[in-house]
Structures are given as C-alpha cells and as structure tokens.
Number of protein chains: 2
Amino acid sequence: MSTTIKEVANRARVSTATVSRVLNNSGPVDDDTRRLVREAARELRYVPNAIGRSLSTRKSDAIGLLLPDLYGEFFSEVIRGADQYAQQNKYHLLVSSSHNNRNEIEDALQMMRGRVDGLIVMSPHIEADTLDENLPRSMPVVLMNCFIENDSFDSLNIDNYSGAYQMVMHLVEHGHKRIAMIKGPERNYDARERWRGYNDAIREGHALAIPSLEMKGNFSEASGYDAVRTLLNQNTKPTAIFAANDSMAIGALSALRDSGIRVPEEIALAGFDDIPIAHYLTPSLTSVHIDISKLGGMAIEKLIHSIRLKNEHKKERVLLPTSVVIRESCGNH
Amino acid sequence: MSTTIKEVANRARVSTATVSRVLNNSGPVDDDTRRLVREAARELRYVPNAIGRSLSTRKSDAIGLLLPDLYGEFFSEVIRGADQYAQQNKYHLLVSSSHNNRNEIEDALQMMRGRVDGLIVMSPHIEADTLDENLPRSMPVVLMNCFIENDSFDSLNIDNYSGAYQMVMHLVEHGHKRIAMIKGPERNYDARERWRGYNDAIREGHALAIPSLEMKGNFSEASGYDAVRTLLNQNTKPTAIFAANDSMAIGALSALRDSGIRVPEEIALAGFDDIPIAHYLTPSLTSVHIDISKLGGMAIEKLIHSIRLKNEHKKERVLLPTSVVIRESCGNH
DNA sequence: AGATTATGTGTAAACGTTTACATTTCTAAC
DNA sequence: GTTAGAAATGTAAACGTTTACACATAATCT
C-alpha cells in the first residue's frame with residue numbers, strides 16, 4: 001500500500017542501507033548519492049514505517065499511559081501535562097483507559113508490550129497485588145496515585161494527607177469544633193489519605209471527633225448531596241463540612257441551598273482538587289489545590305529519566321505538594 | 001529482555017508456528033500440545049510483542065487521534081468519547097496533540113505511520129491545503145471540525161451554524177433588537193460558522209444589524225471580558241450578548257458584573273458549548289449544547305467502519321446536531 | 001611506492017510475529 | 001493392508017526497518 005524503503009532504494013539505485021543512512025544521517029554518504037536518495041524519497045512520498053523501525057531498533061519513542069477512566073477534569077489535566085512534557089522530549093503518548101479489573105489491565109498491558117518504552121500507571125483503586133504481578137519488569141514503570149508498598153517501582157503521589165490536614169486545620173483554627181467530612185470511596189487510596197489527614201487534624205487541633213459526622217461518599221456530586229441531606233437530619237449538626245473532593249462539595253452546596261442553609265454563615269464548606277468550577281460557584285469554593293497537569297508532567301519526567309538510565313536508576317517515591325486555596329465558602333475570605 | 005515466542009517454543013519443544021496457533025486459536029492443535037504450550041507460556045510469563053505481530057499482520061488495532069491541543073473540557077470529552085467507543089471495538093488510542101504547524105503535523109503523521117490502522121484529525125484552524133497534502137492516502141482518515149472542501153475524506157462537524165442561528169433567533173423572538181456578538185478567532189472554522197449563524201438570524205429575524213456590536217474575541221475568558229468592556233463604552237449598547245463560546249461568556253459575565261449591570265435584567269447573555277461550568281454560574285448560563293463525547297465516539301465509529309470496508313466505503317460528511325439550552329442568563333428560564 | 005586510514009557502499013542478519021506451504025502422522029474406509 | 005483424507009506439526013518466508021560486517025575505493029602519511 002504505502003512506499004517502503006526498498007522502493008526508494010530501487011529508484012535511487014542504491015541499497016536500503018544507504019537510504020537508511022541518508023534518512024537518519026547515520027554513517028557517511030556521498031553528497032551526490034544523498035541528493036539522489038532524497039529526491040527518490042520525495043517523489044515517492046516515502047514515510048518510514050514506525051513499526052518496522054521500532055522492531056529493528058527496539059525502541060518506540062512512545063510512552064504508555066494507563067488510566068482508570070477518562071472522566072472529568074482530573075484525567076484531562078493529567079493527559080495534558082503528560083503530553084506536553086512528552087512532546088518536548090520527542091515522545092508520544094499511547095493512552096489507555098478503564099482498566100478496572102484484572103483482565104482489562106492484562107489487555108492493556110499486552111497492547112502496550114513492545115509499543116512503548118515505558119509505562120505510567122494510575123490506579124487509585126486498591127488492588128496492589130494484581131498490579132504488582134501484572135506489571136512488566138522488562139520496562140520502566142512509574143506509578144501514579146497507587147497504593148503499593150513495593151519499592152520496586154518509581155511512584156508519584158499527591159500529598160493528599162497533608163492537603164486534607166491543612167484544610168481541616170484551617171477550619172479548626174477559625175473556631176470550628178464540629179467538622180463533618182464527606183469521605184470518598186473506601187477502597188480508593190487518595191480518599192483514604194484525605195480521611196487520615198482529616199482525622200489527625202481533628203485530633204491535633206482538639207476539635208470534636210464525632211463518628212456520626214463522618215459520611216460515606218463516592219466522589220460523585222449526588223453522593224455529596226445525599227450525605228448533607230442525611231447529615232442535616234441528625235441531632236448533631238456540623239458547623240463546617242469538608243468534602244473529599246470538589247464534586248461532592250458541589251453536591252453538598254446544592255443540598256445546603258435546598259435546605260435553606262446559608263454558606264458560609266451557618267455552615268462552612270471546603271472541598272479538595274480545586275477544579276476550575278470551584279472558582280465560579282456562588283459562594284466560590286474553598287478547596288485544596290493540586291497542580292494536576294504538573295503531576296502528569298512529572299510522571300513523564302521521571303519515566304524518561306528512568307528510560308535513559310535504565311539500570312542504574314534508583315527508584316524513588318515523590319509526593320506532590322498541595323496548597324489550601326481560601327475562597328468564600330469557608331467564611332474566611 | 002522479555003520472553004519471545006521462540007523461547008516458549010523451545011521450552012514446549014514445538015515450533016513457533018504451533019505456539020502461535022495455540023495462542024491465537026488459529027489452526028488445529030492437539031490437546032496435549034496445547035496444554036504444553038499454554039504451560040510454557042505461563043511459566044515464562046510470555047506476552048506477545050505487539051510490534052512484531054503488527055508488522056506481520058499489517059494491522060495494529062490502534063487508532064491515531066491528532067488534536068490541535070489538549071486544553072479544556074472540549075478535548076478531554078472528545079478523547080473520552082473516542083476511547084470509549086474504541087475500547088468497545090477492541091481498538092486503542094494513540095493521542096497526539098498540538099500540531100499547529102506544518103512540521104508538527106508531519107512529525108505526528110510520521111510517528112503514526114504503521115502504528116495505527118486509521119487516523120482522526122481535528123484541525124479547526126483553517127489550513128486546508130497543508131492538511132490535504134500531508135494526509136496519507138494509504139489509510140482511512142476521518143476529519144473533525146476541519147474546513148476542507150475536498151470530498152476525498154470522511155468528515156464530521158458540529159452544526160455550529162444552526163446552533164448559533166437558533167440561539168440568536170431565540171433572543172430575537174424574545175424581543176431583543178440589539179444583539180451583540182463576541183466572535184471567535186478569525187481563522188477558526190467553528191468560529192466562522194457560529195458567526196454566520198448569528199448574521200443570518202439577525203437578518204431573518206429582522207433585528208438590527210449593527211457592525212459596532214460585533215466584537216473580536218479569541219475564545220479566551222479574557223477576550224470576553226475585554227469585549228464587553230469595550231462594548232459598554234460605545235454609544236450603541238446591546239440588550240443581549242451572544243458569545244461564540246462559553247469561556248468568553250464567562251469573561252463577559254465578569255465584566256458585566258464589574259460594571260454593575262444585572263444579567264439578565266439589563267443585558268441578556270448566551271454562550272456556546274455548554275461546558276459543565278455553565279450550569280453552575282450565577283446566573284446559570286444559557287448556551288448551545290454539543291454532545292462532545294458523542295462527537296469523539298462518532299468519529300471512531302465512522303473510522304472503524306471505513307477501516308473494515310476499506311475500499312468500497314463511501315466518503316460522507318456528517319453534521320452533529322446542537323441544541324439550545326435555556327437557563328437564567330438569557331432571561332427566559 | 002607502500003602502508004595506513006578514511007570514506008562510501010553493499011550484503012545479510014536481526015528484531016518478533018504470522019502464515020502459506022510442505023511434511024508427517026493419524027483415522028477410517030475399502 | 002492399502003489408500004485417501006484429515007489432523008497435527010514444522011519450515012521458512014514475509015512484514016519494514018537498522019546495523020554489524022565486509023569490501024571496495026580514495027585520501028593521507030611515511
């Protein structure tokens with residue numbers, strides 16, 4: 001179908017080796033020959049076949065990105081940051097989503113095998129064992145937001161704990177004693193860490209640790225709404241609510257509004273993630289900011305580093321700092 | 001580094017052909033041999049190399065997605081829709097962004113050559129000629145939001161014209177005579193179409209066509225802000241503003257607020273795209289809705305169709321319908 | 001001039017699969 | 001006990017590159 005190096009070689013009356021040398025500037029070639037080859041290639045509209053090349057050189061200049069799914073701001077920002085950094089370093093991105101069960105991970109991994117020089121895996125759902133036994137040892141891997149004790153991989157995590165801790169401490173410092181939390185999915189690593197931060201801040205800040213103020217949630221807007229509805233039907237009412245992500249905070253805001261409760265006057269509210277919408281809400285939402293695209297970029301950076309150094313590269317864990325962004329919803333703007 | 005089919009063959013004491021047959025269920029194999037091979041593969045943790053396979057079968061089960069950049073809601077939704085449909089059909093996605101100039105397009109195309117069975121190209125910036133001469137004829141291509149007269153490609157466009165037309169007509173029908181428009185980038189195809197819809201609606205609805213109410217913009221929030229600031233300094237003030245996208249509408253809303261103008265009471269406002277934020281603004285933003293993920297999905301659908309039928313596939317152009325979503329900002333909620 | 005080195009080019013193997021074809025072995029019908 | 005056919009397996013070429021090696025030829029140094 002499309003032109004091969006052989007056809008170019010024939011037309012230029014040289015060997016394929018010479019054509020390759022001309023096109024890659026590898027090895028010496030006579031100026032006349034060079035011109036001849038260039039012309040032949042142009043005339044035939046020759047474009048080297050990346051696959052043939054890959055097979056031969058055993059590298060692909062591509063990086064695989066395995067994500068749990070592609071919903072929402074978070075993932076698009078990861079992709080953007082990753083792609084930007086990758087592109088600067090002449091790498092391309094092979095994106096694969098929704099590997100939430102064992103089979104799909106294996107599928108995705110199989111598809112990647114040979115096609116990429118390294119892998120970035122994001123898998124916040126706790127399934128460390130499966131992950132560990134499926135990940136290829138033959139190529140560099142960087143783990144993002146994964147819960148894995150194993151020290152045999154590079155890993156990159158958001159500092160969820162400290163973000164949540166600081167946020168809740170901020171509320172405590174402004175006099176809140178009864179601070180509710182709307183938690184994320186139980187088996188989600190990020191969610192757990194945020195919960196841990198909340199707990200420690202409550203204790204260390206000498207606020208009240210009231211179990212009935214810890215609501216279940218699943219990161220969805222609806223679950224935030226429901227949590228607040230339940231919360232308001234209880235005897236012990238909070239003076240502040242900390243949602244484990246912004247989507248749930250948005251749901252919470254709707255529920256509070258529907259119940260005629262003023263935010264922040266009657267109940268203060270804070271979220272996590274600082275998605276763009278946070279800024280546009282009324283009241284604007286206090287949240288924990290994460291530089292998500294940076295997360296993606298750093299993952300690529302680490303991976304490329306590890307690809308280049310291959311063996312003598314030391315695995316490490318990195319925590320990406322978070323920062324509290326104070327807006328109207330917490331009452332201390 | 002990683003196990004090859006040959007090593008599996010050796011261990012199972014059969015030929016590579018047999019291993020291949022077992023693993024792909026192609027051709028007859030004795031049950032005992034089959035078991036032997038399976039076991040050897042498992043023990044060696046063998047995973048077929050996708051590249052070797054591709055080279056041999058001349059297909060990759062991958063689709064290339066060329067995007068102008070990866071900013072904002074729009075692209076992430078396209079990717080999501082595309083990935084979802086692709087995954088259902090056992091295809092994977094190779095994403096490449098920011099090919100805004102000729103060289104980058106060529107680069108991206110070169111990277112894709114051989115790696116993908118088909119290509120989806122999105123390039124709203126008007127550069128039809130470059131595109132046309134760089135696109136490979138050897139594989140199926142679907143164009144998204146591209147301005148190209150050429151009938152030799154499948155193409156998929158948002159019905160920008162009709163969306164804008166209906167939106168503006170809605171405003172006209174509710175009594176607005178002086179309707180301003182904040183336009184998008186001049187050389188952007190989508191932006192042009194939206195402008196065309198605005199114009200026709202103004203004329204056919206017998207509203208006033210006032211050149212000074214047509215403001216320049218570049219799809220950014222800041223440009224929306226600036227446009228309104230300029231608009232308010234003019235003699236002829238509009239009773240309604242139609243922004244060519246939601247980002248500019250958001251900027252416009254800020255500017256109106258900063259100028260102490262109530263929306264929609266004094267000036268009505270409408271946007272285009274219906275990004276998620278639109279719903280959360282105060283007042284919530286009337287906008288033209290596009291099912292972006294569907295756009296991505298449909299592109300993949302068309303492409304896969306065209307890959308399967310290859311030659312006897314008839315090229316066609318499809319327009320994705322848009323719909324007006326009435327919210328508070330236009331005053332007719 | 002002869003020895004050495006540099007330059008230019010070709011040959012062929014290698015990368016990891018699949019698969020057309022060839023070969024062997026088995027099954028069953030006569 | 002042939003023989004025809006099917007079933008099981010192996011052989012080797014093909015896919016499109018790159019590159020180690022070999023081999024000329026030309027340039028440079030004693």
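Below, each value reflects all heavy atoms present in this structure, side chains not excepted, and no hydrogens, waters or symmetry copies. First the proteins, then the strands, lettered A, B, ... as listed; each starts at 1.
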Minimal heavy-atom distance between Leu65(A) and Met112(A), with the atoms involved, is N-CE, 4.1 Å
In whole angstroms, the gap separating P of dG10(C) from CZ of Arg13(A) amounts to 12 Å
Taking dC15(C), dG8(C), dG10(C) as options, the one with an atom nearest any side-chain atom of Arg58(A) is dC15(C)
**Prompt:** Would you say the side-chain atoms of Asp117(A) and Ser60(A) include a donor-acceptor pair closer than 3.5 Å?
**Reply:** yes
Here the distance between atom P of dG16(C) and atom CD1 of Ile5(B), to the nearest Å, is 11 Å
Whole-Å distance, Glu7(B) CD to dT17(C) C1', equals 14 Å
Regarding the side chain of Arg21(B), the nearest nucleotide among dG10(D), dT17(D), dT18(C) is dG10(D)
- Describe the nucleic acid contact of Ser26(A) in one word from base, sugar-phosphate, nothing, applying a heavy-atom distance below 4.0 Å. nothing
Base, sugar-phosphate, or nothing: which does Ser20(A) touch, judged by heavy atoms less than 4.0 Å apart? base
_Does a side-chain N or O of Thr18(A) approach OP1 or OP2 of dG10(C) to a distance below 4.0 Å, or not?_
yes
In whole angstroms, the gap separating C1' of dA14(D) from NZ of Lys59(B) amounts to 17 Å
Residues of residues 50-57 of chain A with a heavy atom under 4.0 Å from any atom of DNA chain C, listed by number, are Leu55(A), Ser56(A)
For Asn24(B) and dT18(C), is the shortest distance between a side-chain N/O and OP1 or OP2 below 4.0 Å?
yes
In short, Ile158(A) meets Leu319(A) closest at the heavy-atom pair O-CD2, 3.9 Å
- Is a donor on one side and an acceptor on the other found under 3.5 Å between the side chain of Ser54(A) and the backbone of Ala50(A)? yes
So, the side chain of Glu7(B) versus the backbone of Thr4(B): is there a donor-acceptor pair under 3.5 Å, distance only?
-> yes
To the nearest 10 degrees, the angle between the two end axes of the helix from dA1(C)-dT30(D) to dC30(C)-dG1(D) (five pairs per end) comes to 50°
Whole-Å distance, Lys6(B) NZ to dT11(D) P, equals 13 Å
Quiz item: When you measure from the side chain of Asp69(B) to the backbone N and O of Tyr71(B), does any donor-acceptor pair fall under 3.5 Å?
Solution: yes
Per nearest nucleotide of DNA chain D, the residue lying toward the 5' end, Thr16(B) or Arg34(B), is Arg34(B)
Between CG of Asp32(B) and C1' of dT25(C) the distance, given in whole Å, is 15 Å
Closest of dT17(D), dG10(C), dT9(D) to the Thr4(A) side chain is dT17(D)
Side-chain contact check for Pro28(B): nearest option of dT17(C), dA7(D), dT17(D) is dA7(D)
| Can you tell if the side chain of Asp151(B) reaches within under 4.5 Å of the side chain of Lys315(B), non-hydrogen atoms only? | no
To the nearest 0.5 Å, atom CE of Met111(A) lies from atom OH of Tyr91(B) at 10.0 Å
Here the pair of heavy atoms bringing Leu93(B) nearest to Ile79(B) is CD2-O, 4.1 Å
Asn49(B) atom CG is separated from dC15(C) atom C1', nearest whole Å, by 9 Å
In whole angstroms, the gap separating P of dA8(D) from CG of Asn25(B) amounts to 13 Å
Keeping Ser97(A) on the side-chain end and Pro68(A) on the backbone end, is there a donor-acceptor pair under 3.5 Å?
no
